[in-house]
Every structure is written in C-alpha cells, then in structure tokens.
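One is the number of the first residue; the rest follow in order along the sequence.
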Amino acid sequence: MENKIKSGLFGVAIGDALGVPVEFKTRDYLRSNPVQDMMGFMCWHQPPGTFSDDSSLAFCTAESLCKGFDIEDMAITFVKWMEEGYWGAHHKVFDIGGTTRHSLARVLKGEPARTSGNFFEEDNGNGSLMRILPLVFHLHKEKDVEVIYQKVKEVSSITHAHFRSGFACFIYVIYCLEILNEVDKIEAYKNMQKIVSDFLSAKKFNPVEIQLFDRILKNNIAEYPEENIHSSGYVLDSLQASLWCFLNWNTYEGTVLKAVNLGGDTDTTAAITGGLAGVYYGMDNIPEKWIATLARKNDIDDLCERLSLKVK
C-alpha cells in the first residue's frame, strides 16, 4: 500500500506543480505554447516544483488521517494551512478558493466541521475534489458503499457541502478504489459505473442532480470530443476532464500534460488527474526529473510512510 500512497500523492503534487505557472491560460494559448516540462514563475511567480493549495490540502487530509478519521481534526489541520502555511510548498499560502476560505473562517471562529461547509449551488468549485485522494487509502478495506459515501460526504462538506461536490468526490473515490484492486482502468471505470448506479437505485437523491452525472455514469466520458470537455474550476468540469485525460492517455507524463494543456484551472485539473494516474501507473512511471524538482519531496515521502503504517 505504501507504494500506491506514494505514487498517488506524488502524482497529485507533480500534476499540480506542472499546472501552477499557467493557471488561467486558455486552451488556445496552450495549443500554441504547450507545457512540456516543469516550469516556474509566470502566473504565481513561484519557483519550479511549487505545488498549490490543491496538494497542500490533500497533504493536510493525509496528515489528519495518520491519526485516524476525525473531520474536526481535519478541519483544524486545514485552518493551520490557511493561517500558517502548514503543508504549503514554501510554508506559505499563495492561493485559496473562496468557498474554502469562507468555510475555514467558520472553523476558525469555533464552528464544528460538520456544519462549516458552504452548501449553495454556486459553491460547487473543485476545492473538495482536489484534496479527496488520501481518503481512498483510509477506505481501501471498506466494503460497505454506504460507509464510503458517508465518509466522503463528511470530508467534502468541511468546505463544500452541496450534494454535487460530495457526489463528485464519491465517484472519484469509488473509481480510485477499483484502480487500487489492480484492475485495468477501462474495467475499473465500468465497475465504478455499476457500483454507483447500484448505490443510487436504493436512494431518493434529487434526480435533477443525478442527471448532471449522466456523461460519466451512463455514457463513456472517454468518447467525448475534446471540445466537449471543459476545464474550469467547476467540480463537474474537473471530474469529467480528469477522467477523460486518464482514460485517453497511457502514461503518467502524457496524462498530466494533457490535463494541464486543457487550460483554465490547470493546476487543479492536473492534480486530480495526477492522483488517478499516479495510483495506476506507479512511481516508476513518473519522470524522475519532476520528482527531483518537487518542493518538500522528503516531507511528502515521510507523510506517505506514516499514512501507509496507519492504513495497512
């Protein structure tokens, strides 16, 4: 399990760091000026190998899970990042989403994590999806899909409490759990569709919300043309884009570079995609030069080891 944790978390951070310099660049711009390697400065004026809030909050999630599942502790760990730069690439915060900031401000004032998250429809950015991967390792032995759903919902809801955000995280977690079973990614995708559809058949969730996920759950997202795949900060766009990149490319490098070069919310799309690709392809498939450039790689190594000891 340690190898999967390591390749997953490094996969997130390297995808993130590749996307940081070109965040907000358009797809057209990146067609002419594609990202092909780790770069620095540009958008956020950060050195090469700098990961953003995406990875920092994923690492905070992992850090909390090293002590066990406790969303109150997790929320306090997130606040420590926001206030002190804890798990920041350079021990400081240079980017934070509005929904995350507002929710963590409530935690800072003493509100419990179970009620701190923003829950309006406009609060469906990708801020909980980008940090959810470590929960996969905590849940790797869990067979009860209801338990998985509830835990994913709780972790998402610390900041993003709308159904759509939690359900996007749930789909991603179920898919990652299937990939952990050493199943081919296409077969794992079909398995995820069946597991989620079976779970839904016993639920009375809002059908309008569920219908938003038809591209992923009822069709094959990989078959959509690129112009129908969006890469904004909206959680549904991020989930679709990450699955599309992962299913259509066959190396870690090719997958994350495609995610970055879709433009828009480049760091987050590549972080979410990189988590999937990292778990699936393993550390040996991540270019060594990218690992060497990554900020805090020794700290990340140590975190992976501690998490693996907790969840094995």
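- Counting heavy atoms from C-beta on, the side chains of Ile132 and Ile272 never come closer than 4.5 Å.
- Linking Ile, Leu, Val, Met, Phe, Trp and Tyr whenever their side-chain heavy atoms come within less than 4.5 Å leaves Met1 and Leu309 in two separate clusters.
- Ile96 contributes atom CD1, which lies 11.0 Å from atom OG of Ser52 (distance to the nearest 0.5 angstrom).
- Phe59 and Ile76 fall into different hydrophobic clusters, where Ile, Leu, Val, Met, Phe, Trp and Tyr side chains are chained together by heavy-atom contacts under 4.5 Å.
- In this structure, CG in Asn3 is found 9.0 Å from CE in Met283, a value given to the nearest 0.5 Å.
- Atom SG of Cys60 and atom CE of Met82 lie 11.5 Å apart (nearest 0.5 Å).
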*Report the C-alpha distance between Lys4 and His140 in whole Å, list the side-chain angles of each, state the deciding distance to 0.1 Å, and finish with yes or no for side-chain hydrogen bond (donor to acceptor under 3.5 Å, both in side chains).*
CA-CA 11 Å; Lys4 295 288 188 188; His140 77 104; over 6 Å; no
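- Side-chain N or O atoms of His45 include none that pairs as donor or acceptor with a backbone N or O of Phe41 at under 3.5 Å.
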_Quick one, Met192 with Ile216, criterion side-chain contact (heavy atoms from CB on, under 4.5 Å). Give me CA distance, side-chain angles, the key distance, then yes/no._
CA-CA 10 Å; Met192 175 276 289; Ile216 293 167; 4.0 Å; yes
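- With sequence neighbours excluded, no residue forms a salt bridge (charged side-chain N to carboxylate O under 4.0 Å, His left out) with Asp184.
- Salt bridge Lys258/Glu253: absent, no basic N to carboxylate O contact under 4.0 Å.
- Other residues, nucleotides and ligands contribute over 12 non-hydrogen atoms within 6.0 Å of the CG atom of Asn181.
- Connection of Val147 to Phe69 is not established within any shared hydrophobic cluster, with ILVMFWY side chains joined at heavy-atom distances below 4.5 Å, either directly or through further cluster members.
- Without hydrogens or angle criteria, Asn248 side chain to Ala222 main chain gives a donor-acceptor distance under 3.5 Å.
- Applying the salt bridge (charged side-chain N to carboxylate O under 4.0 Å, His left out) test to pairs two or more places apart or on separate chains, those with a residue in residues 120-143 are Glu121-Arg164.
- For the residue pair Asp28 / Thr26, no side-chain donor-acceptor distance below 3.5 Å is found, with atom types taken as modelled.
- Side-chain atoms of Tyr224 and Asn219 include a donor-acceptor pair closer than 3.5 Å.
- Proximity of a side-chain donor or acceptor of Ser165 to a complementary backbone N or O of Ala161 within less than 3.5 Å is not detected.
- Here the closest non-hydrogen pair linking Arg106 and Asn118 is NH1-OD1, 2.7 Å.
- Between Thr268 and Asp16, the closest side-chain pair of non-hydrogen atoms is not below 4.5 Å.
- For the salt bridge (charged side-chain N to carboxylate O under 4.0 Å, His left out) test, residues two or more places apart in sequence or in another chain that qualify with Asp198 are Lys194.
- The minimum heavy-atom distance linking Ser7 with Val279 is given by the pair OG-CA, 3.8 Å.
- Looking at Ser308, its side chain never comes within 3.5 Å of a backbone N or O of Glu2 through a donor-acceptor pair.
- Between the side chain of Asp54 and the main chain of Met130, no donor-acceptor pair closer than 3.5 Å is present.
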*asked:* I'd like to know whether His138 forms a side-chain contact (heavy atoms from CB on, under 4.5 Å) with Val155, so could you lay out the CA-CA distance, the side-chain angles of the two residues, the decisive distance to 0.1 Å, and finally the verdict.
replied: CA-CA 12 Å; His138 170 78; Val155 171; over 6 Å; no
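- If you chain together hydrophobic residues whose side chains sit under 4.5 Å apart, Val183 and Ile171 never meet in one group.
- Of the listed residues (Val136, Ile195, Leu177), just one forms a side-chain contact (heavy atoms from CB on, under 4.5 Å) with Ile148, and that residue is Leu177.
- Remark: Leu303 CG to Asp299 CG distance equals 9.0 Å, nearest 0.5 Å.
- Side-chain heavy atoms closer than 4.5 Å link hydrophobic residues (I, L, V, M, F, W, Y) into clusters, and following such links, possibly through other members, connects Leu200 to Leu236.
- Remark: Ser231 pairs with Arg27, Leu262, Thr269 by the side-chain contact (heavy atoms from CB on, under 4.5 Å) rule, at least two apart or across chains.
- Qualifying side chain to side chain donor-acceptor pair (under 3.5 Å) partners for Lys92, counting only residues two or more places apart in sequence or in other chains: none.
- With no hydrogens or angles considered, a side-chain donor-acceptor pair links Asp265 and Asn126 at under 3.5 Å.
- In Lys297, the NZ atom is crowded: over 12 heavy atoms of neighbouring residues, nucleotides or ligands sit closer than 6.0 Å.
- Residue pairs meeting the salt bridge (charged side-chain N to carboxylate O under 4.0 Å, His left out) criterion with at least one member in residues 301-312, sequence neighbours excluded, are Lys6-Asp301, Glu63-Arg306, Asp302-Arg306.
- No hydrogens or angles considered: nothing links the side chains of Trp81 and Asp53 as a donor-acceptor pair under 3.5 Å.
- The backbone N or O of Val79 sits nowhere less than 3.5 Å from a side-chain atom of Glu84 that would complete a donor-acceptor pair.
- Contacts classified as ring pair (Phe, Tyr, Trp, His ring centres under 6.0 Å) and involving residues 249-282 (residues at least two apart or in different chains) are given here: Trp244-Trp249, Phe246-Tyr280.
- Lys25 and Asn261 are not linked by any side-chain donor-acceptor pair at a separation below 3.5 angstrom, with hydrogens and angles left out of the test.
- Screening residues 71-80 for side chain to side chain donor-acceptor pair (under 3.5 Å) gives Ser64-Asp73, Lys67-Asp73 as the qualifying pairs, with residues at least two apart or on separate chains.
- Under 3.5 Å, the side chains of Ser156 and Ser128 contain a donor-acceptor pair of N or O atoms.
- Other members of the cluster containing Val208 do not exist, because no ILVMFWY side chain is joined to it at under 4.5 Å.
- Interatomic distance, Leu104 CG to Ile158 CD1, rounded to the nearest 0.5 Å: 8.5 Å.
- Listed by chain and number, the residues in a ring-ring contact (aromatic ring centres under 6.0 Å, His included) with Phe170 are Tyr149, Phe167, Phe199 (sequence neighbours excluded).
- Salt bridge Lys203/Glu146: present, at least one basic N to carboxylate O contact under 4.0 Å.
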*Verdict with supporting geometry, Thr61 and Phe78, side-chain contact (heavy atoms from CB on, under 4.5 Å)*: CA-CA 8 Å; Thr61 303; Phe78 294 166; 3.5 Å; yes
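- Grouping Ile, Leu, Val, Met, Phe, Trp and Tyr by side-chain contacts under 4.5 Å, direct or through others, puts Phe94 with Val20, Phe24, Trp44.
- Here the OG1-CD distance, from Thr293 to Glu288, works out to 9.5 Å after rounding to the nearest 0.5 Å.
- For Ala295 against His90, the heavy-atom pair with the smallest separation is CB-CE1, 4.1 Å.
- In terms of modelled atom types and a separation under 3.5 Å, the side chain of Thr266 and the main chain of Glu23 share a donor-acceptor contact.
- Residue pairs meeting the ring pair (Phe, Tyr, Trp, His ring centres under 6.0 Å) criterion with at least one partner in residues 114-134, sequence neighbours excluded, are absent.
- For Lys109, the NZ atom sits in a loose shell: 12 or fewer heavy atoms of surrounding residues, nucleotides or ligands are nearer than 6.0 Å.
- Remark: side-chain polar atoms of Thr50 are not paired, donor with acceptor, to backbone N or O of Gln46 under 3.5 angstrom.
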